[in-house]
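Note sheet for the following structure.
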Amino acid sequence: MASKTIIANNRFFIFAILLLILGVTVVWRLFAPAAYAPASGDEIVLHENEGVYNVNNQMEFLVDKDGSRTLPDIQSPQVHAQFQPASGKSAFGLTAGTYWIRTAVINQSPLEQWIIRLNNSVIEQFDMYIIHDQSESPMNSQIVEKTDEHFYSYYFQLPTNDSMTIYMRVVINGSMIIPIELMDNNTFLGKLKNEYIFFGIYYGFVLLMAAYMLSLYAFNRMSVYLYYSLYIICFSISQLVWNGLLQQFLGADSQALASLLRLFGNHESIDYFFFNLALWFGVLFLNKILQIEVYAPRMMIVYRALIIMSPIVVAASLFHLPGYEILVILYESLLAILLVISTFWCMYRGNLTARYVVLAAIPFLGLAAPTILNTYSLMQESFLTHYGFQFGSIAEFLMFSIALSYQIRQARLDKENAVQEMNLNEQIQQARNELLQNISHDIRTPLTIVQGGIQAMIHGIEIEPDGNDKMLKSMYGEVLQINTFIDQMFELSLLKQTHESSVLESLPFAGWISSQTDSLQSIIQLAGHQMKCSFSVAPQAVAKIHAHQIKRVLTNLVNNACKFSPAGSTIHLSASSNREHVLVCVRDEGRGIAAKHLDSIFNRAYKVDPADPKSGSGLGLAIAKEIIGLHGGTIWVESEPGSGSRFYFKLPIDTITA
Ligand code: ADP
């Protein structure tokens with residue numbers, strides 16, 4: 001069954017892997033961060049239609065260890081000198097704390113409304129102060145105004161040809177990622193529009209996937225679907241926090257967000273909490289889908305350890321326990337290593353679903369890697385580091401949904417096969433019981449007669465003169481019947497063997513069937529009937545047959561026709577041929593057979609009327625069917641009660657001689 005799926009095809013699988021790697025490489029090349037272009041000056045010069053300015057190229061930063069410094073402190077000449085150039089850098093590693101940022105801007109464009117934006121939403125605080133170079137005093141807050149989009153951003157006014165110094169204060173509890181952008185209002189609105197379209201598509205897709213998995217769970221009650229839907233849901237909530245959408249939906253100053261922050265401590269912990277919860281469900285899901293217990297039982301111990309570790313990590317992120325970041329890193333690394341080893345191990349042991357895991361992991365890890373590298377400041381901020389996770393997860397969700405639907409199909413097929421097998425077993429059992437009943441009846445009836453006769457003779461009972469003689473003759477007849485029955489059963493059981501070990505003759509069928517008429521005619525005439533023959537077999541039609549066995553079939557059919565027809569009636573024997581078959585028909589004008597028996601009369605020991613003294617062993621037609629079957633032919637009957645029966649058999653033509 002499994003070999004029918006496309007994924008089982010090794011070439012396709014390798015091709016799919018290469019295609020995915022190529023896809024990931026293309027995405028990397030398209031969206032990887034542009035190499036840092038050294039700034040042409042110390043300040044950002046604003047022009048019209050220049051799009052987005054990367055502030056990190058021209059900004060300076062200062063680490064404020066205990067977060068106690070104020071704006072006037074920062075502006076003092078001593079501190080001023082301590083600022084260092086960021087030189088395009090936007091990720092500063094796991095250095096939680098407060099950073100001060102300074103940049104200078106000159107506006108040489110006619111546009112006056114500008115926006116500064118920090119592309120990170122898992123931060124604690126982001127404040128912005130602008131100092132007009134002319135006035136040297138902090139601007140009032142009416143000019144610097146916070147927007148309510150999903151990232152932290154501020155509007156500010158900068159008249160044409162004016163310049164200013166911007167100070168920013170960023171407080172982050174996790175990884176110090178501070179990519180800052182500057183743009184005019186139109187660029188900002190365009191960017192926002194694109195982002196919301198992207199989010200709409202992404203979260204719409206995610207909702208669909210989660211609902212699909214939940215519905216599968218509702219119908220199948222298989223925990224694997226529940227785990228996967230929970231994984232999708234938790235992963236998406238962590239993405240919501242990461243994209244700043246949760247804060248935006250709840251409202252930056254809302255009670256709900258405030259209570260969440262009270263519970264979790266900070267934004268990053270909410271993100272971590274849901275991300276780790278997702279990993280927990282991911283571990284449970286992988287354990288089920290990979291069937292680790294079956295394919296890699298030795299790995300179960302590590303899986304169990306991970307399953308135990310998962311809630312601890314989740315709790316640690318919930319309660320923001322000290323050092324939980326280290327625990328998370330340990331846990332995630334262990335998970336990644338285990339994921340790789342167990343997937344390959346299961347795949348090696350023949351688990352096809354593991355191939356889907358490999359195909360899902362390539363885009364997911366390939367596109368998530370930039371975000372992870374960015375967290376540890378090994379890669380600078382770009383579209384890829386920010387949205388790669390999301391693109392990767394779409395690819396992963398798709399792959400797993402294919403894998404899961406493949407599993408459902410597989411389960412359904414297995415179930416159907418099991419049901420079919422059960423039905424077949426039942427049928428076989430039933431046929432066997434019927435056969436045994438028929439056989440025991442066929443042997444027991446004559447045996448009872450013989451037993452009764454012997455008993456009567458022992459007790460010296462003689463009902464009529466010469467009774468003993470008659471009784472002995474009848475007993476002899478019954479014994480003969482048992483003997484015939486046993487002989488026929490034996491013959492039937494050996495037919496296949498005999499057929500296989502004997503050499504078949506290639507006989508021109510027309511000549512052969514004509515040669516059989518004499519002996520058939522004597523059978524028919526002896527039974528008090530007449531025979532009519534009409535043969536139209538092409539003289540060149542040659543059939544490869546076991547002549548003695550086919551003769552046996554003909555005799556059985558003719559004998560039956562005689563037995564079940566009134567004396568003096570005609571038995572018709574006909575034969576014809578086409579390019580593929582020879583067809584033989586034995587027709588009688590006898591009692592016929594009711595429709596309900598037509599299928600069964602070829603079964604072993606089946607008789608339409610077992611009480612009818614004309615019925616024999618019930619094996620004649622079974623033998624005929626077996627013989628014709630062994631010759632690659634078919635046998636069937638057409639009949640209606642009262643209007644005679646037509647028994648046909650068809651044999652394949654071996655060659656047509658010229
Ligand atoms: P038997 O030894 O009983 O004839 P067969 O296998 O040859 O066994 O036939 C099975 C049953 O099919 C018969 O018992 C009879 O009831 C029915 N049958 C076979 N041939 C005919 C026929 N030509 N006309 C009517 N019934 C027939």
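All ligand and atom numbering here is 1-based and tracks the order in the structure.
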Side chains of H546 and E505: any donor to acceptor distance under 3.5 Å?
no

With rounding to the nearest 0.5 Å, note down the distance linking OG in S522 to CG in L520.
7.5 Å

For F400, ring-ring contact (aromatic ring centres under 6.0 Å, His included) partners two or more places apart:
Y228, F285

Residue of the set Q530, E589, R646 for which side chain to side chain donor-acceptor pair (under 3.5 Å) holds with H572:
E589

Sequence neighbours excluded, the answer for side-chain contact (heavy atoms from CB on, under 4.5 Å) partners of K563 is N560

Return a table of N or O atom pairs, ligand 1 on one side and protein on the other, at distances under 3.5 Å, rounded to 0.1 Å.
from	atom 1	to	atom 2	distance (Å)
ligand 1	2 (O)	G616	N	3.3
ligand 1	2 (O)	S617	N	3.1
ligand 1	2 (O)	G618	N	3.0
ligand 1	3 (O)	G616	N	2.9
ligand 1	3 (O)	G618	N	3.4
ligand 1	4 (O)	N560	OD1	3.1
ligand 1	4 (O)	K563	NZ	2.9
ligand 1	6 (O)	G618	O	3.4
ligand 1	6 (O)	G620	N	3.3
ligand 1	6 (O)	L621	N	2.8
ligand 1	7 (O)	N560	OD1	3.3
ligand 1	7 (O)	N560	ND2	2.7
ligand 1	7 (O)	L621	N	3.4
ligand 1	8 (O)	G618	N	3.3
ligand 1	16 (O)	V608	N	3.2
ligand 1	20 (N)	N560	ND2	3.4
ligand 1	23 (N)	D588	OD2	2.8

The complete set of side chain to side chain donor-acceptor pair (under 3.5 Å) pairs with one or both residues in residues 608-625, sequence neighbours excluded, reads Q488-S617, R591-D612

